Amino acid sequence: MSKLRIATTSLAGCFGCHMSFLDMDERLVEFLEHVEFDRSPLNDIKNCGPCDIGLVEGGLCNGDNVHVLREFRANCRVLIAVGACAINGGVPAMRNHFDLSACLEESYLNGIGVENPQIPYDAELPLLLDKVHPIHEVVRVDYYLPGCPPSPEEFMSVLGDLLEGREPVLPKKLLHYD
Ligand code: SF4
C-alpha cells in the first residue's frame, strides 16, 4: 500500500498544535509506516507539492500566511483546519478589537521596556493584515479539528479514518474547544 503524503504548516499559530501532534509519542512510529511528509516544519521541504492531506495550524495574520495557505489548498486533496486559530482565529484574533496601528505602536513604540523605538519596516517582512482571519475565509476547508490544541487522540482518530478511506467522524468524547 502506498503511503499517504501529508503536508503541515503553522500560519498565525503557536506551534502548539504541532506539539500535540508529536504527543502521539511512540504511536508516531506506527503512524510513519503509513504516511510520509511533504512540506512541514518537521523537515526542510520548502514548498508544498501534490499531497493527500494538508494540516493547517493557525489563522491568517499576514500576507505570507495567505500565500502559504493558497499553496496548500492548491496542492492538498484534503485540507484540515487544525486548532482554534485556524478555525476561528483563536486567541490571536483578540487583536481584532484594536486598530492595527495601535497594536504596532504599543509593541514597538510605547510598550514597557522598548528600546530604540521604531516600527519595523523592510520589504522582506510580510505585511500584517488589518484583522486576523480564520482560514475558511480565504480557501475551502474540508475538515475542522477543534481544540487549543486538538489532543493527540483527535489527530489519531481523524487521520486514522482518512488512512482507512473513511469519512472522519470525531467521537463526542474527543470533542473540545479549549
Ligand atoms: S489552536 Fe492553540 S495550540 Fe493551536 S496554534 Fe492556536 S493557540 Fe496554538
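Numbering of ligands and ligand atoms starts at 1, following listing order. Only a predicted model underlies this, so the values are computations on that prediction, with no experimental measurement involved. The first residue in the sequence is number 1, and the count goes up from there.
- With hydrogens and angles ignored, the 3.5 Å screen pairs a side-chain donor or acceptor of Arg39 with a backbone N or O of Lys46.
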Item checked: Check against salt bridge (Lys or Arg N to Asp or Glu O under 4.0 Å), Glu36 and Arg5 -> CA-CA 5 Å; Glu36 60 188 3; Arg5 197 160 174 86; 3.3 Å; yes
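- With ring centers used as reference points, His18 lies 6.0 Å or more from Phe21.
- Protein atoms that are N, O or S and lie under 2.8 Å from atom 4 (Fe) of ligand 1 are these: Cys17 SG.
- Within the 3.5 Å criterion, the main-chain N or O of Glu153 finds no donor-acceptor partner in the side chain of Ser157.
- Between the side chain of Arg95 and the backbone N or O of Asp130 there is at least one donor-acceptor pair closer than 3.5 Å.
- Here the side chain of Gln118 pairs no donor or acceptor atom with the backbone of Tyr108 at under 3.5 angstrom.
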